[in-house]
Student: 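One structure coming up, written as structure tokens, with questions to follow.
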Amino acid sequence: MSNSAETTSKRPLRVAIVGAGPAGVYAADILTKSNEVKDGDVEVSIDLFEAYPAPYGLIRYGVAPDHPRIKGIVNALHKVLDRGDIRFLGNVTYGRDLTLHDFRSFYDAVIFSTGAIKDADLNIPGIELEGSFGGADFVSWYDGHPDVPREWPLDAKEVAVIGNGNVALDVARMLSKHADDLLVTEIPDNVYAALKASPVTDVHVFGRRGPAQIKFTPLELRELSHSNDVDIVLYPEDFEFDEASDEAIRSNNQIKTMVNTLTNWLVEEHAEAERPSSRRLHLHFLHSPVEIVSEDGSGKVSSIKFERMQLDGTGNVKGTGEFVDYPIQAVYRAIGYHGSPLDELEYDARRGVIPNDGGRVLGADGKPVPGIYATGWIKRGPVGLIGHTKGDALETIGCLLEDRLTLPPAENPDPQAIINLLEERGIEYTTWEGWNKLDAHEVALGAEWTAENPDAGVVRERIKVVPREDMIEISRG
């Protein structure tokens, strides 16, 4: 038996997970429920670290507040953390508060599940103009992320959203939806006030390919039609289908459902209703962005130019040489997320991931770094739905358990040791008990608002606390 095996066989295997979103929580849950643990072959002690004072990552700060079914995943994550066998330590930032050396000193294995929160780049002229935004930044703002500005410039009447995925639909729906219809969600007060004052009348969503190539999910698409006083506008010239499109519609029920939904909306001609709505949400296909324009030299967005595309028979597109301009005053790019580098770890800048083999993090020499793992979007890239993260975590945990007899043993595996270090460094870490306090506080804010506004006809279940210092104070109170 190796020294590592001899050491860890006498005590629980100490595992740190960096990132308390779905990927991190799933990894912790899968490890605690693994056959090796259930059979008594190995005992584990898990600490789940989070840079924010609250847990849940993407669910709290990356999912639109009017998604109650997706937000319901919080309930499942809560049950995992509420069992008491996984310790939550929030408001601790990797690379600033704790280094890789620190983690190696106190843990036998470290799993990084830091996700991807940056916007993917869109390299076209004018992308830097005033009024050009990243969709991920806007999502962080309306979700009350503690590290983004409290204000957002919502002064455009006509807006372009570039992208044909679920994030693009979220951004477009939040821009076009009336603020009063969001009061039933946990939307922060500053976000409600800004959306309430927005002068927006038209939101345009643009995709490069055709209706059969969209990356939405049927649920996300159908939700567009649920917005009150918002017409959906489509354009017959955008409904082009090639051989690959026809095959996709025949063979994929999800694509068939979405194409049917879109064509039904087109036939119904929402925009020509007898009582037009005050806002319109336009869906455009076969548009490739070419340039964002500032026509008056002010440095502010005034229009956007696209090249019309056509399908090439394979489901891909090629340019037609025809260009079209749309007058708009703001642009949101929502073409995907991108991971961020982590101190002391290799980084694939093109894919935005930590290089790894099945979850085993690779060093500069291409070989696995002993005891270091990755899961979630920082492992595989920002693709797939939240549910895919479970399979991802299963693979990573499988590798960790295979390696458990050769892991470099922690110098100080005492669970209290990391707490002592955080306190010595003056880090105001938060705990699971602290999250329960903050959770109860947000629920109480909702109840208070409901009581103070009896004529609104709205029951607010909670109101999200935004400032980091307030979150910490309430949690540690």
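For reference, positions follow the sequence shown, starting with 1.
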Student: Around atom NZ of Lys437, are there more than 12 heavy atoms of other residues, nucleotides or ligands at under 6.0 Å?
Tutor: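 Correct, the count exceeds 12.
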
Student: State, with a plain yes or no, whether a side-chain heavy atom of Met174 is found less than 4.5 Å away from one of Leu182.
Tutor: yes

Student: Backbone N or O of Ile214 within a donor-acceptor pair of the Asn164 side chain at under 3.5 Å?
Tutor: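 A pair under 3.5 Å: no.
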
Student: Looking at Asp357 and Arg360, does any basic side-chain N land under 4.0 Å from a carboxylate oxygen?
Tutor: no

Student: Considering all heavy atoms of both residues, which atom of Pro55 and which atom of Arg60 are nearest to each other, and what is their separation?
Tutor: O-CD, 3.9 Å

Student: Among side-chain atoms of Arg476 and Asn91, is any donor-acceptor pair under 3.5 angstrom?
Tutor: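 Checked: Arg476/Asn91 side chains show no N/O donor-acceptor pair below 3.5 Å.
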
Student: Report yes or no: is the cationic atom of Arg208 (NZ for Lys, CZ for Arg) closer than 6.0 Å to the six-membered ring centre of Phe306, at no more than 45° off its axis?
Tutor: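 Not flagged: Arg208 not positioned over aromatic ring of Phe306.
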
Student: Is a salt bridge present between Arg279 and Asp229, judged by a nitrogen-to-oxygen distance below 4.0 Å?
Tutor: no

Student: Hey, are the side chains of Val361 and Val110 touching, using non-hydrogen atoms and a 4.5 Å cut-off?
Tutor: no

Student: Do Asp202 and Lys157 meet the salt-bridge criterion of a basic N to acidic O distance under 4.0 Å?
Tutor: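 Judged by the 4.0 Å cut-off on N to carboxylate O distance, Lys157 and Asp202 do not form a salt bridge.
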
Student: Compute the ring centroids of Phe49 and Phe103, then answer whether they are less than 6.0 Å apart.
Tutor: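 Ring centres of Phe103 and Phe49 closer than 6.0 Å.
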
Student: Can you tell me if CD on Glu247 sees more than 12 non-hydrogen neighbours from other groups inside 6.0 Å?
Tutor: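 Yes, because the 6.0 Å sphere around CD of Glu247 holds more than 12 heavy atoms from other groups.
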
Student: One pair to check against side chain to side chain contact (heavy atoms under 4.5 Å, CB included): Glu186 and Ile463. What are the steps and the verdict?
Tutor: CA-CA 5 Å; Glu186 62 185 28; Ile463 299 175; over 6 Å; no

Student: Test Tyr192 against Asp180 for side chain to side chain contact (heavy atoms under 4.5 Å, CB included), laying out the working first.
Tutor: CA-CA 8 Å; Tyr192 167 75; Asp180 286 349; 2.5 Å; yes

Student: Could you give the distance from OG (Ser302) to CD (Glu130), rounded to the nearest 0.5 Å?
Tutor: 12.0 Å

Student: Roughly how far, to the nearest 0.5 Å, is the CG atom of Leu89 from the OG1 atom of Thr431?
Tutor: 8.0 Å

Student: State whether the number of non-hydrogen atoms from other residues, nucleotides or ligands found under 6.0 Å of Glu128 atom CD is greater than 12.
Tutor: yes

Student: Step by step, work out the side chain to side chain donor-acceptor pair (under 3.5 Å) result for Glu295 and Ser303.
Tutor: CA-CA 8 Å; Glu295 293 173 350; Ser303 67; 3.2 Å; yes

Student: Indicate yes or no for a side-chain donor-acceptor contact from Thr396 to the backbone of Ala374 under 3.5 Å, with no hydrogens or angles considered.
Tutor: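 Pair found, side chain donor or acceptor close to backbone of Ala374.
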
Student: Between Ile162 and Ile335, is any pair of side-chain heavy atoms under 4.5 Å apart?
Tutor: yes

Student: Where do Gly321 and Glu307 come nearest, in terms of heavy atoms and distance?
Tutor: N-OE2, 2.9 Å

Student: Before you tell me yes or no, could you show the steps for Leu234 and Leu262 under side chain to side chain contact (heavy atoms under 4.5 Å, CB included), namely the whole-Å CA-CA distance, both residues' side-chain angles and the distance that decides it to 0.1 Å?
Tutor: CA-CA 8 Å; Leu234 298 120; Leu262 290 168; 3.8 Å; yes

Student: Give a yes or no answer on whether the side chain of Asn453 reaches the backbone of Ala456 with a donor-acceptor pair at less than 3.5 Å.
Tutor: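 Such a contact is absent between Asn453 side chain and Ala456 backbone.
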
Student: Between Ile378 and Gly352, which heavy-atom pair has the shortest distance, and what is it?
Tutor: CD1-O, 3.9 Å

Student: Under a 3.5 Å threshold, yes or no: a donor from one side chain and an acceptor from the other, between His67 and Glu223?
Tutor: yes

Student: Going by side chain to side chain donor-acceptor pair (under 3.5 Å), Tyr326 matches just one of Lys305, His287, His204. Which one?
Tutor: His287

Student: Can a salt bridge be assigned to the pair Arg380 and Asp392 using a cut-off of 4.0 Å between side-chain N and carboxylate O?
Tutor: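 Between Asp392 and Arg380 there is a salt bridge, with a charged N closer than 4.0 Å to a carboxylate O.
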
Student: Would a 4.5 Å heavy-atom cut-off, applied to side chains only, mark Phe133 and Val331 as touching?
Tutor: no

Student: Among side-chain atoms of Asp137 and Tyr332, is any donor-acceptor pair under 3.5 angstrom?
Tutor: no

Student: For the residue pair Pro382 and Tyr337, what are the closest heavy atoms and their distance?
Tutor: CG-O, 2.9 Å

Student: State which residue, out of Tyr347, Tyr94, Tyr373, fulfils the ring-ring contact (aromatic ring centres under 6.0 Å, His included) condition with Phe112.
Tutor: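 Going through the options one by one, the only one that passes is Tyr94.
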
Student: Quick one: closest heavy-atom pair of Trp265 and Leu221, and the distance?
Tutor: CH2-O, 3.1 Å

Student: Could you measure the distance from the CD1 atom of Ile127 to the CG atom of Leu122? Nearest 0.5 Å is fine.
Tutor: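 Here the interatomic distance stands at 4.5 Å.
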
Student: Under a 4.5 Å cut-off applied to non-hydrogen side-chain atoms, are Tyr142 and Ile187 in contact?
Tutor: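 Contact flag for Tyr142/Ile187 side chains = no.
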
Student: Would Glu442 and Lys464 pass as an ion pair if we require N to O under 4.0 Å?
Tutor: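 Salt bridge between Glu442 and Lys464, a charged N being under 4.0 Å from a carboxylate O: no.
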
Student: On a heavy-atom basis, which atom in Ser113 and which in Ile17 lie closest, and how many Å separate them?
Tutor: OG-CG2, 3.6 Å

Student: Yes or no on side chain to side chain contact (heavy atoms under 4.5 Å, CB included) for Leu224 and Lys177, after CA distance, side-chain angles and deciding distance?
Tutor: CA-CA 9 Å; Leu224 293 184; Lys177 203 166 189 173; over 6 Å; no

Student: Less than 4.0 Å between a side-chain N and a carboxylate O, is that true for Arg462 and Asp439?
Tutor: yes

Student: Do the charged groups of Lys300 and Asp155 touch, with an N to O distance under 4.0 Å?
Tutor: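 The answer is no: the pair does not qualify as a salt bridge.
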
Student: To the closest 0.5 Å, what do you measure between CG (Asp242) and CZ (Arg209)?
Tutor: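 So the CG of Asp242 and the CZ of Arg209 are separated by 10.0 Å.
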
Student: Could you go through the salt bridge (Lys or Arg N to Asp or Glu O under 4.0 Å) check for Arg308 and Asp238 one step at a time?
Tutor: CA-CA 9 Å; Arg308 291 285 304 180; Asp238 289 347; 2.6 Å; yes

Student: Below 4.5 Å, heavy atoms only, C-beta onward: do Ser340 and Thr114 meet side chain to side chain?
Tutor: no

Student: Are more than 12 heavy atoms from other residues, nucleotides or ligands located less than 6.0 Å from atom CD of Gln310?
Tutor: yes

Student: Distance from Leu283 atom CG to Leu266 atom CG, nearest 0.5 Å?
Tutor: 10.5 Å

Student: When you compare the side chains of Gln213 and Ser245, does any donor N or O come within less than 3.5 Å of an acceptor on the partner?
Tutor: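 The answer is yes; a qualifying pair exists.
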
Student: Under the 3.5 angstrom rule, does the side chain of Gln329 hit a backbone N or O of Glu158 as a donor-acceptor pair?
Tutor: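 It does hold such a pair.
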
Student: I'd like to know if the side chain of Asp231 and the backbone of Ser277 have a donor-acceptor N/O pair within less than 3.5 Å.
Tutor: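 Indeed, once roles are kept as given, a pair shorter than 3.5 Å links the two residues.
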
Student: Do the non-hydrogen side-chain atoms of Asp143 and Pro65 ever get within less than 4.5 Å of each other?
Tutor: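 Touching, per the 4.5 Å side-chain cut-off.
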
Student: Please check if the distance between the ring centroids of Trp435 and His441 is under 6.0 Å.
Tutor: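 Centroid distance Trp435-His441: not below 6.0 Å, so no.
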
Student: Determine whether a donor-acceptor pair (N or O, by modelled atom type, separation under 3.5 Å) exists between the side chain of Thr430 and the backbone of Pro53.
Tutor: yes

Student: When you compare the side chains of Thr99 and Glu344, does any donor N or O come within less than 3.5 Å of an acceptor on the partner?
Tutor: no

Student: Where do Asp147 and Tyr52 land on the side chain to side chain donor-acceptor pair (under 3.5 Å) test, with the steps shown first?
Tutor: CA-CA 9 Å; Asp147 298 335; Tyr52 310 128; 5.1 Å; no

Student: Side chains of Arg425 and Asp102: closer than 4.5 Å at any heavy-atom pair?
Tutor: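 Yes - at least one pair of side-chain heavy atoms lies under 4.5 Å apart.
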
Student: Are Lys379 and Glu395 ion-paired here, with the side-chain N under 4.0 Å from a carboxylate O?
Tutor: yes

Student: Answer yes or no: is there a donor N or O on one side and an acceptor on the other, between the side chain of Trp152 and the main chain of Ala194, under 3.5 Å?
Tutor: no

